[in-house]
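By convention here, the first residue in the shown sequence is residue 1.
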Amino acid sequence: MNLSQKRGVTGNNGKPQNRLYTIKRLWDYLMFYKWVFILAIILTVVSNLLALVGPLLTGYCIDQIVGVNNVNFKNVYFFGALMILFYIVSSSLSYLISIVMVNTSKKIVLKMRRDSFDSLMKLPISYFDTNKIGDIISKISYDIDTVNVSLSTDLINICTSVVTVITSLIMMIIISPVLVLVFVITIPIALLFTRFMVKKTRPMFRNRSQKLGELNANVEEAFSSLPTIHAYSRKNDIINRFDEVNRNATKASMEAEIHGGITGPGVNFVNNLSFSLICLFGVLLNFYYGLSLGDIQSFILYSKKFSGPINETANIFIELQSAMAAAERVFNLIDAKKEPADSKNAINIQEKYQDVGDVKLDNVEFGYNTKRKIIKGISFEAKKGEIVALVGPTGCGKTTIVNLLMRFYDLDSGSISLNDTNIINIKRKSLRQSYSMVLQDTWLFEDTVYNNIAYGAKNVTLEDVKRVCKLARVDGFINRLPQGYNTVLSEGGVNISKGQKQLLTIARAMLLDCDMLILDEATSNVDTRSEILIQEAMKELSNNKTCFIIAHRLSTIKNADKILVMKDGKILETGTHQELLDKEGFYYSLYHSQFE
């Protein structure tokens with residue numbers, strides 16, 4: 001059982017979390033700024049107490065009417081001036097509170113978003129295989145913003161409501177305990193109705209957050225694949241698919257908002273019922289027991305103060321359902337199971353060995369899930385300085401082998417060792433720093449050509465970058481750019497060709513002083529002449545380095561020291577290019593199929 005399950009946190013199946021745990025987590029974030037929060041509460045109490053003096057002073061003003069033409073204006077002006085003063089101070093404090101809470105909530109959201117992003121950086125690759133990027137982005141943007149709105153307004157509103165309700169109740173009891181009995185009937189009705197609606201709308205708001213996450217995921221997927229969509233003329237299909245997801249998200253939002261909106265009017269009806277009963281019984285108490293008009297007026301105003309927060313609190317609770325649903329999704333991300341920690345005895349492989357590169361796989365088995373094995377009992381050795389090529393049909397497990405070598409995933413059984421040390425006993429950071437990688441899917445960020453190539457390397461000079469660019473046969477292309485090595489590439493490198501992006505990532509890998517190389521279809525996006533030049537550069541680069549090459553174009557791995565021919569997660573044949581051709585087996589058929 002992982003950490004999230006122990007704590008009662010929701011998975012992606014939409015089942016409810018432990019609400020108390022979610023509240024506790026939010027409270028923990030508040031406690032980072034507890035003194036500011038305590039100050040806000042104190043100011044809230046003072047502000048509301050000053051505002052609640054108003055109804056009492058209103059009653060005093062009315063009681064200054066002694067007769068038809070007999071009014072004590074001196075006292076009226078005095079009580080009126082006090083009311084104005086109290087309301088001015090109260091409003092000023094309320095404005096100060098709003099500033100304090102907005103600033104505090106922004107700091108909390110900043111920390112929450114940082115924690116979410118830190119969690120993303122520590123999550124295993126498997127998390128991103130099972131969660132859509134758009135939904136993840138929705139969690140760290142929309143969901144956290146929803147929590148922010150709730151923290152900046154709802155918490156103080158709840159404190160305000162509590163202070164107002166308690167103080168108003170005390171004042172009404174002092175004025176007329178009999179009239180307070182009206183609320184013995186109406187308040188339970190309002191509370192039961194609110195509880196029923198909160199319970200009914202909670203899953204609706206959770207569903208709304210989920211559907212909005214799916215909407216963001218759909219938009220992200222559509223924009224990231226626009227060239228393919230246009231190439232296959234599937235714009236209408238994508239629009240129809242978006243319309244369906246958009247309708248579902250809109251329907252979920254409407255359902256939550258409509259049902260949530262019932263609570264306010266329902267509680268407001270109960271409050272109006274209270275007001276009507278107070279007016280009726282107030283007149284009777286004035287007629288039979290001499291309750292003054294000033295006291296009746298003060299009681300009515302306090303009853304409004306008393307009932308208003310109950311109505312507002314009902315609406316706040318509906319808003320809190322949305323915030324709680326959003327917080328569940330955020331904490332689900334923060335608490336997602338991280339990559340297992342390195343073992344206590346894990347070593348830094350670079351500190352133990354001056355040179356690393358002897359890799360051995362012994363009866364390795366692995367599956368991305370328990371139902372299907374991708375790698376089935378694979379064993380082979382790669383000696384220091386050898387070039388090992390992995391070939392075979394799509395889906396045979398070539399890239400999975402690379403994922404296992406880098407410990408992006410851990411084995412189900414068997415072992416992988418580096419210099420006779422099981423990689424489980426090597427720190428992940430140290431293991432991954434032993435490799436430089438060039439993948440088929442290139443990645444460049446919005447920065448200069450120089451910074452893109454120097455990415456990941458330390459103490460790199462411009463001359464170092466130029467040296468590897470010459471080796472990668474990309475120096476001439478860079479010099480033709482407007483600002484040469486200082487040319488800023490647009491996001492993803494869209495202002496250069498795919499082949500040029502591939503060459504830049506190859507130059508980047510060359511710059512890293514690693515003992516081992518992984519080339520996953522590294523020359524797939526370059527022309528034949530560039531491929532030949534890059535192969536020559538790679539041969540020079542790979543001197544005394546262990547290289548793992550994944551290739552579909554078998555002409556690119558003729559010079560490999562060892563070729564592993566894979567099919568259905570197993571190694572069928574092993575040997576050099578010529579040895580495998582001489583066997584006239586599976587490799588022979590693969591090779592000749594590319595030239596027929």
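Residues passing the salt bridge (charged side-chain N to carboxylate O under 4.0 Å, His left out) test with E214, sequence neighbours excluded: K211. The salt bridge (charged side-chain N to carboxylate O under 4.0 Å, His left out) check on K427 picks up nothing, with sequence neighbours excluded. Residues satisfying the side chain to side chain contact (heavy atoms under 4.5 Å, CB included) test with D582, not counting sequence neighbours, are Q578. Evaluation of the ring pair (Phe, Tyr, Trp, His ring centres under 6.0 Å) rule for F548 yields no partner, not counting sequence neighbours. Partners of D115 under the salt bridge (charged side-chain N to carboxylate O under 4.0 Å, His left out) rule, at least two apart in sequence or in another chain, are K111. Residues passing the side chain to side chain contact (heavy atoms under 4.5 Å, CB included) test with D28 are K24, R25, sequence neighbours excluded. Residues meeting the salt bridge (charged side-chain N to carboxylate O under 4.0 Å, His left out) test with R208, sequence neighbours left out: E257.
When each of V388, I387, L519 is tested with C547 by the rule side chain to side chain contact (heavy atoms under 4.5 Å, CB included), just one qualifies, namely I387. Put simply, the residue from V465, T461, V460 that forms a side chain to side chain contact (heavy atoms under 4.5 Å, CB included) with E463 is T461. The residue from D342, N419, I349 that alone fulfils the side chain to side chain contact (heavy atoms under 4.5 Å, CB included) condition with I426 is I349.
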Applying side chain to side chain donor-acceptor pair (under 3.5 Å), run through T487 and Y450 and close with a yes or a no.
CA-CA 8 Å; T487 301; Y450 168 82; over 6 Å; no
The test is side chain to side chain donor-acceptor pair (under 3.5 Å); show your working for T448 and N451 and say whether it passes.
CA-CA 5 Å; T448 63; N451 286 334; 3.2 Å; yes
With side-chain contact (heavy atoms from CB on, under 4.5 Å) as the test, would you mind laying out the steps for I557 and H577 before giving the verdict?
CA-CA 8 Å; I557 47 116; H577 172 71; 5.6 Å; no
List the steps, then state whether side-chain contact (heavy atoms from CB on, under 4.5 Å) holds for I518 with M406.
CA-CA 10 Å; I518 293 175; M406 298 283 287; 3.9 Å; yes
Given N479 and D475, is the side chain to side chain donor-acceptor pair (under 3.5 Å) satisfied, shown in steps?
CA-CA 6 Å; N479 288 328; D475 182 62; 3.2 Å; yes
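For the pair Y485/N452, no side-chain contact is recorded, criterion being any heavy-atom separation below 4.5 Å from C-beta on. Counting only heavy atoms from C-beta outward, the side chains of L411 and I416 approach each other to under 4.5 Å. Residues Y588 and L580 fail the side-chain proximity criterion, which asks for heavy atoms closer than 4.5 Å. By the 4.5 Å heavy-atom criterion applied to side chains, Q350 and S430 are counted as neighbours. Side chains of I549 and V391 form no contact here, defined as non-hydrogen atoms less than 4.5 Å apart.
In this structure, the side chain of E386 engages the main chain of K383 through a donor-acceptor pair within 3.5 Å. T421 contributes no side-chain N or O that, together with a main-chain N or O of S417, makes up a donor-acceptor pair within less than 3.5 Å. Judged purely by atom type and a 3.5 angstrom limit, E573 uses its side chain to pair as donor or acceptor with the backbone of F586. For S119 (side chain) and I334 (main-chain N/O), a donor-acceptor pair under 3.5 Å exists by modelled atom type.
Sparse packing is recorded around CZ of F117, with 12 or fewer heavy atoms of other residues, nucleotides or ligands lying under 6.0 Å away. By the 6.0 Å contact criterion, NZ on K570 is open, its count of non-hydrogen atoms from other residues, nucleotides or ligands being 12 or less.
Applying the ring pair (Phe, Tyr, Trp, His ring centres under 6.0 Å) test to pairs two or more places apart or on separate chains, none has a residue in residues 413-438. Within the structure, every pair that satisfies the salt bridge (Lys or Arg N to Asp or Glu O under 4.0 Å) test and touches residues 398-423, not counting sequence neighbours, is listed here: K373-D412, R407-D410, D410-R428. The side-chain hydrogen bond (donor to acceptor under 3.5 Å, both in side chains) contacts involving residues 240-256 comprise E221-R241, where partners must be two or more places apart or lie in separate chains. The list of ring pair (Phe, Tyr, Trp, His ring centres under 6.0 Å) pairs with a residue in residues 454-475, not counting sequence neighbours, reads W443-Y455, F445-Y455.
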Side-chain polar contacts of residues 355-367 - donor-acceptor pairs under 3.5 angstrom, sequence neighbours left out - could you list them?
residue	atom	partner	partner atom	Å
D358	OD1	K384	N	2.7

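Remark: the K562 side chain and the T576 side chain contain no N/O donor-acceptor pair separated by less than 3.5 Å.
D143 has a carboxylate O that lies under 4.0 Å from a charged side-chain N of R329, or vice versa, which qualifies the two as a salt bridge.
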